[in-house]
Amino acid sequence: VNQPSGGSLDPQGPVAETIANLWWVMLALGAAIFLLVVVLLGVGLFRERKSAESESEAGERPFRSWLVGGGIVLPVVALVIVLVATIIAMRDVGTGAPSGALRVEIVGHQWWWEIRYPDEGITTANELHIPVGRPIALQVTSGDVIHSFWVPRLAGKIDLLPEETNTLVMEANEPGEHRSECAEFCGLQHAQMALIVVAEPADRFASWVSDQRRPAAEPADVTAELGAQLVVDGDCASCHAIRGTSADGNAGPDLTHFASRPTIGAGAVRNTSANLARWIENPHAIKDGVKMPAPELSDEQFDAVLAYLEMLE
Amino acid sequence: MTTRQRPPLPGMQTPTVVEPPSGKELDALFADPPGLWGQLTGVQNDRIGTRLLLTGFFFLLLGGSFDSVVMRLQLAVAENSLVSPQLYNELFTNHGSVTMFLVILPIFEGFAILVLPLLLGTRELPFPRLGAFSYWTFLFGGLLYYSSTLFELVPDAGWFAYTPLSGPEFSPDLALDFWVLGLGVAEVGAIAAAFELIIGILKMRAPGMTLSRMPLFAWAILVMSFMILFAFTPLIIGSLLLELDRGFGMRFFDPERGGSSLLWQHLFWIFGHPEVYIQFVPATGVVSMILPVFTRRRIVGHTWLVAALVAIGFLSFGLWAHHMFTVGLSPLILSFFAAASMAIAIPAGVQIFAWLGTIWSGRPVWRTPFLFVVGFLFVFVLGGITGVMVASPPFDMQAHDSHFVVGHLHYVLIGGVAFPIFAGVYYWFPKFTGKMLDERLGKWNFWLLFLGVNVTFFPMHIVGLMGMPRRVYTYDADVGWGIYNLISTIGVLCLIVPGIGVFVWNVVRSVRRGERAGPNPWGAGTLEWAVPSPPAQHGWTILPIVHGRDPLWDQDELHRGTPRMEQFVRSLAEWPLRWRAGVIVGTADARPQEVFRIAKPSIWPLFAAGAVLVIFLAELLKLRWGIAVGLGVLVAAVIGWNWPEEPPMTVEEEAAFERAHHVPVNAGGSVVVAAWATGIAILFFTIAFGSLLLSYFYLRLENPQWPPGGVADPEFTIAAIAAVLVVAAVAALRGALRRLGASEQRGFVRGLVITLALAVAGTIVQFIDVTGMTFGVGTHAYGSIFHTLSGFLLLLTGGAVVTLVMVLWWTVRGLYTVRRYATVRNVARVYTSVAVMWVIGFATLYLGPYLT
């Protein structure tokens with residue numbers, strides 16, 4: 001997930017490719033203009049001057065062509081090229097959902113992502129699974145402040161506003177994992193609001209969907225049983241939902257298949273046993289200011305909650 | 001280091017300036033009182049300008065440098081824990097807010113107030129007291145803003161303070177109030193300075209300095225000042241609405257109650273984008289002053305450069321939405337703002353090529369100011385090119401809010417603005433201190449900063465394209481961003497910080513033992529270099545008479561002109577020596593129009609600025625009675641400030657000068673300047689009113705149901721009656737003015753009384769109707785905008801009524817005569833424009849719901 005990558009310059013889908021191509025066109029043009037200016041500046045500064053050469057009162061006239069040519073014609077030509085390239089790119093970077101697109105709703109929260117697949121009936125958090133080769137229509141909105149969704153390798157960004165729903169279309173060419181970080185400053189933990197995008201072949205996506213549609217796993221042993229009781233009947237359920245149980249809070253992420261997710265705390269740490277234990281003990285030690293309070297649990301209860309959460313595959 | 005005085009640069013000589021003995025008397029006349037009292041009451045332009053510059057640089061060291069060093073240290077390596085997320089958010093909020101509001105703007109206003117009177121060939125600016133007020137409000141605003149640190153309530157929502165994050169729900173403590181209100185005080189100061197500079201540039205220039213001969217720095221400051229007026233006013237209105245949400249439970253930005261978070265973004269960026277050009281435009285003015293001097297050649301394309309400045313001023317207001325390309329605007333709007341944003345590259349291109357042409361045709365003189373100008377060209381062009389890139393919406397969807405933009409904006413602001421500031425300091429320092437800054441340190445200063453800027457900010461473009469967002473206090477170790485961030489940090493620590501250090505050392509050292517500077521150490525061609533360094537308090541004893549764009553290069557004598565003009569400027573050197581005389585000239589032709597008395601030092605500007613501080617502080621502390629106290633002090637201070645003084649000389653003496661020189665004398669105060677100030681004040685209120693109307697229609701369009709359910713459509717009979725009364729008062733006032741013109745004092749008083757009765761009756765009727773409304777301010781944005789807009793109109797009318805009462809009072813005391821009643825005319829203009837706003841505003845409020 002976190003390998004170094006070229007980000008927007010390493011496009012993995014048609015939308016990001018269009019934007020990257022636009023960038024290379026603009027870079028080439030910009031570099032040429034910059035070079036021209038630097039050469040003119042350098043020659044102007046360092047050229048040999050004849051000793052007789054002095055300011056003549058008619059000195060302005062030769063530079064009329066500089067002003068017209070460099071000041072007007074050059075920018076106009078460059079801008080027309082950029083504008084045409086921009087408008088061509090804008091046709092591909094549309095906001096209208098093409099037919100056959102997979103609909104996904106994303107709701108931004110301080111500081112995590114709620115992900116819903118309305119046609120599949122799935123709700124998850126901080127992970128976005130998408131099938132390769134199929135356009136995805138992301139319908140994004142916010143539950144609190146403004147956030148912004150951005151997967152550089154797949155598409156540009158789109159803001160999540162509290163007052164309306166925006167649409168972003170993207171598509172992945174190849175299977176792969178991509179990281180998305182919130183791109184609009186949204187408060188204390190703006191830096192720790194990440195999302196993992198998993199692009200996978202259609203059949204693997206389909207099996208992921210069917211896994212996700214299942215209700216939560218039943219506790220398999222006594223410890224997990226106790227854990228389930230603590231989570232479902234305790235404070236956890238006032239914020240978290242676990243399908244198949246009575247826990248139906250909606251202030252925090254849905255935990256039905258929590259153990260199958262790659263990270264804890266919206267990308268703050270990897271989802272390992274050790275990290276989960278640290279998180280449950282005190283989430284603020286990992287992500288200061290997160291809305292989840294540290295639960296008060298005895299050692300035995302702590303182990304039980306951990307056991308239950310780890311089996312929510 | 002030798003202390004020998006360097007000769008002026010070759011090929012240039014400075015024409016002699018005649019200094020008659022009366023110069024000493026004028027110097028004393030224009031000086032501020034000595035001691036602490038002088039510090040508090042002082043209005044002299046050198047003092048105000050220097051203060052603005054020094055305070056701006058102080059805030060630069062505090063908020064520009066310190067914050068950025070800590071932020072860069074935190075980001076130097078991945079997953080660093082040097083600072084907490086809270087502190088990091090406070091640092092970048094502070095860094096942006098301070099540099100955008102408290103550093104660059106006051107520095108350029110300082111340059112302008114310091115340099116313009118000498119450059120334009122005048123003794124003072126038209127409103128020295130307004131200049132002092134502008135400084136005090138800026139200082140108080142800055143201190144109020146920074147005092148948040150003492151209470152550990154530091155603003156943390158970014159310099160853009162997007163709602164709803166900055167609203168009452170998500171930022172409930174007082175931190176954001178420090179942001180809104182502290183910076184609000186400083187914004188008042190910016191607008192005050194704009195008044196002073198606009199009128200100063202247009203109406204107070206040396207005889208003969210026509211608009212076409214006016215130096216480019218003055219043009220740039222003129223454009224900047226108009227832009228301040230048009231940009232800061234919507235910001236003040238936006239800030240007012242945000243504070244009403246935060247402090248009074250209104251709903252402008254609350255989407256659940258009919259408000260809109262995007263309304264804030266529109267209001268903020270209508271200010272915020274022009275703000276960038278408000279900083280850039282004066283910087284180009286500095287560049288255009290320095291280039292000709294250090295290439296030994298007149299600037300190429302003077303007229304083109306003027307046109308480019310004006311074009312940038314206009315265009316900059318048409319492209320604010322390019323900061324909002326990712327909020328979900330329609331493709332049509334995106335294309336419009338993309339094209340508008342790119343179009344600004346055309347006037348910028350004209351500027352670049354005019355400067356290149358100047359360099360090309362001249363002979364470079366490699367002194368520090370010139371180095372900074374060359375550095376400016378290099379860095380700014382790069383920033384401009386990335387600027388065109390981010391104006392392309394699809395690309396901006398990648399670059400927006402990433403480190404690419406951080407790189408871009410620092411190239412523009414450091415290359416495009418900070419380098420010209422340094423160039424300007426090196427250039428003008430000798431004029432105002434009489435000492436040269438050290439050249440060797442200057443070159444170190446330049447090369448450290450030039451390399452530093454590129455090492456620090458170039459890698460940010462790359463890491464931004466790789467996906468690093470802005471405003472993050474940490475990043476994962478394995479995403480590959482570490483090396484770029486480390487290079488940036490090294491650039492700041494090893495190059496920029498030492499560069500700033502060298503600069504500070506150079507200034508401190510040179511003030512104490514710098515090389516002495518003669519009047520014109522650079523061999524420059526503009527007027528400020530004709531007078532001694534440092535200049536006398538009054539600048540010019542005999543005003544120069546200007547015949548070209550570079551008077552010192554064009555003229556052998558600075559006081560030669562037509563016999564009548566020569567006699568005029570020589571007479572003004574000897575008369576009057578009892579009061580501070582300034583000359584008003586025709587806007588375009590620069591012929592003397594009026595000799596008027598410039599205001600003396602006064603304690604009232606300090607009181608007025610203190611009152612503004614009290615008003616904002618009271619709101620911050622939620623001590624609402626304090627607002628009333630502050631308003632009371634403000635009204636008292638403004639009345640004291642403008643209290644008519646005994647005419648310093650008799651009408652006969654004035655008339656004698658008029659007969660001799662054919663230029664009217666107004667020792668009581670300028671008629672022309674007062675009329676201009678009235679016009680600009682009306683413009684200011686109109687822009688504020690326009691911003692509120694825009695907010696109304698934005699909210700109206702966002703809400704299909706308007707008014708919201710449960711609120712009846714407004715009943716407009718009573719409002720119509722009120723409007724008729726308010727408009728009838730205009731007719732009565734016009735009638736009264738005619739009586740005054742016909743010298744019928746009693747008829748005039750009667751007319752004024754009728755005017756007042758009608759205006760007060762209309763205001764009361766409307767007030768009763770508004771207070772009887774069934775909806776409050778806090779249930780829906782409809783009520784918020786309804787009551788805010790009507791409150792604005794009622795307050796404005798109330799203010800106009802107060803000035804009418806003052807006029808009535810002074811009339812009864814016999815102050816106005818047929819010959820002198822300019823004040824009455826100005827008050828009538830204000831009232832008339834208020835009545836027009838009243839009709840448009842209340843028509844909108846009462847009829848808006850019927851529009852479908």
Side-chain angles (χ1 to χ4, degrees), chain A residues 2-9 18-19 22-23 26 30 33-34 37-38 40-41 44-45 49 55 59-60 63 66-67 70-72 74-76 79 82-83 86-87 89-90 93 144-146 148 152 156-159 161-164 166 181-191 288-289, chain B residues 84-86 89 158 162 164-165 170 255 260-262 296-297 300-301 304 326-328 331 334-335 338-339 342 345-346 349-350 352-354 356-357 359-361 363-364 374 377-378 381-382 385 388-389 392-395 397-398 400-402 465-467 469 471-474 476 478-480:
Chain A
N2 292 341
Q3 324 84 326
S5 92
S8 67
L9 301 184
T18 301
I19 298 177
L22 175 64
W23 152 256
M26 293 195 298
I33 290 175
F34 180 65
V37 171
V38 168
L40 285 177
L41 179 63
L45 288 171
R49 283 166 172 83
E55 189 193 340
E60 180 125 335
F63 290 97
W66 284 56
L67 294 169
I72 295 183
L74 178 71
V76 166
L79 294 183
V82 172
L83 207 58
T86 295
I87 287 169
M90 277 172 72
V93 187
D144 40 49
V145 303
I146 301 175
S148 192
K157 56 184 77 63
I158 188 78
D159 290 355
L161 303 174
E163 64 240 56
E164 57 193 49
N166 280 327
E181 305 217 10
C182 178
E184 180 63 79
F185 179 65
C186 58
L188 187 67
Q189 284 294 358
H190 164 60
D288 184 26
Chain B
S84 67
Q86 178 61 32
N89 294 346
Y162 274 7
L165 182 62
F170 297 100
S260 161
S261 74
L262 287 184
R296 313 327 267 128
R297 188 210 192 286
V300 164
W304 289 68
T326 63
V327 303
L334 288 180
S335 313
M342 291 177 192
I346 296 169
V350 167
I352 300 281
F353 277 83
L356 282 177
I359 291 176
W360 191 274
S361 64
R363 269 170 199 281
V374 173
L377 282 169
F378 185 93
V381 168
L382 272 176
I385 287 170
V388 171
M389 292 174 177
S392 169
F395 176 67
M397 292 179 84
Q398 289 283 16
H400 181 72
D401 273 339
S402 78
L465 288 173
M466 289 173 73
R471 302 165 187 133
V472 290
Y473 70 90
T474 187
D476 272 18
D478 42 11
V479 290

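All chains are named by letter (A, B, ...) in the order of the sequence lines, taking the proteins before the strands, and each is independently numbered beginning at 1. The basis for the numbers below is simple: all heavy atoms, side chains too, and nothing from hydrogens, waters or symmetry mates.
Residues passing the side chain to side chain donor-acceptor pair (under 3.5 Å) test with A/E163, sequence neighbours excluded: B/S260, B/S261. Looking at residues two or more places apart in sequence or on another chain, you find no side chain to side chain donor-acceptor pair (under 3.5 Å) involving B/S402.
Interface check for chain B: of the options A/G289, A/P162, A/S148, A/C182, the most heavy-atom pairs under 4.5 Å are formed by A/P162. Most heavy-atom pairs under 4.5 Å with chain B, from the set A/K157, A/M90, A/M26: that is A/K157. Contact count against chain A (heavy-atom pairs under 4.5 Å) is highest for B/T326 among B/T326, B/V374, B/I385. Contact count versus chain B (heavy atoms, under 4.5 Å) is highest, among A/D144, A/T18, A/D288, for A/D144.
Listed for the B/Q398 side chain is a donor-acceptor partner under 3.5 Å among the backbone atoms of A/P152. The backbone N or O of B/L465 lies less than 3.5 Å from a partner atom in the side chain of A/S8, making a donor-acceptor pair.
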Full working for side-chain contact (heavy atoms from CB on, under 4.5 Å) between B/F353 and A/L74: CA-CA 10 Å; B/F353 277 83; A/L74 178 71; 3.9 Å; yes
Can you check side-chain contact (heavy atoms from CB on, under 4.5 Å) on B/Y473 and A/L188, steps first, answer last? CA-CA 9 Å; B/Y473 70 90; A/L188 187 67; over 6 Å; no
Full working for side-chain contact (heavy atoms from CB on, under 4.5 Å) between B/F378 and A/F34: CA-CA 9 Å; B/F378 185 93; A/F34 180 65; 3.6 Å; yes
Does the pair A/V76 and B/I346 meet the rule for a side-chain contact (heavy atoms from CB on, under 4.5 Å), with working shown? CA-CA 7 Å; A/V76 166; B/I346 296 169; 3.7 Å; yes
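Counting heavy atoms from C-beta on, the side chains of B/N89 and A/F185 come closer than 4.5 Å.
A distance of 11.5 Å separates CG in A/L40 from CD1 in B/I352, rounded to the nearest 0.5 Å. How far CG of B/D401 is from CG of A/D159: 7.5 Å, rounded to the nearest 0.5 Å. A distance of 12.0 Å separates NE2 in A/H190 from OG1 in B/T474, rounded to the nearest 0.5 Å. Put simply, OG on B/S335 and CG on A/L83 are 7.5 Å apart, with the number rounded to the nearest 0.5 Å.
In terms of heavy-atom proximity, B/G301 sits nearest to A/L67 at CA-CD1, 3.8 Å. Looking at every heavy atom in both residues, A/E164 comes nearest to B/V327 through OE2-O, 4.4 Å. Annotation for A/L45 and B/P364: closest pair O-CG, 3.5 Å, computed over non-hydrogen atoms. Heavy-atom minimum distance, B/P394 versus A/I19: O-CD1, 3.4 Å. Between B/P393 and A/T86, the closest heavy-atom pair is CD-CG2, 3.6 Å. What you find for A/L79 and B/A345 is that their closest heavy atoms are CD1-CB, 4.1 Å.
For A/N166, the part lying near chain B is the side chain, with the backbone staying farther off; criterion is any non-hydrogen pair under 4.5 Å. Proximity to chain B involves both the backbone and the side chain of A/L9, based on heavy atoms less than 4.5 angstrom apart. Looking at A/V38, the atoms closer than 4.5 Å to chain B (heavy atoms on both sides) all sit in the side chain, from C-beta outward. With a threshold of 4.5 angstrom between heavy atoms, A/L161 approaches chain B through side-chain atoms but not through N, CA, C or O. For a residue to count as touching a neighbouring chain, one of its non-hydrogen atoms must lie under 4.5 Å from one of that chain's; by this rule B/F395 touches chain A with backbone and side chain alike.
For the 3.5 Å distance criterion, the side chains of A/E184 and B/Y162 fail to qualify, holding no donor opposite an acceptor.
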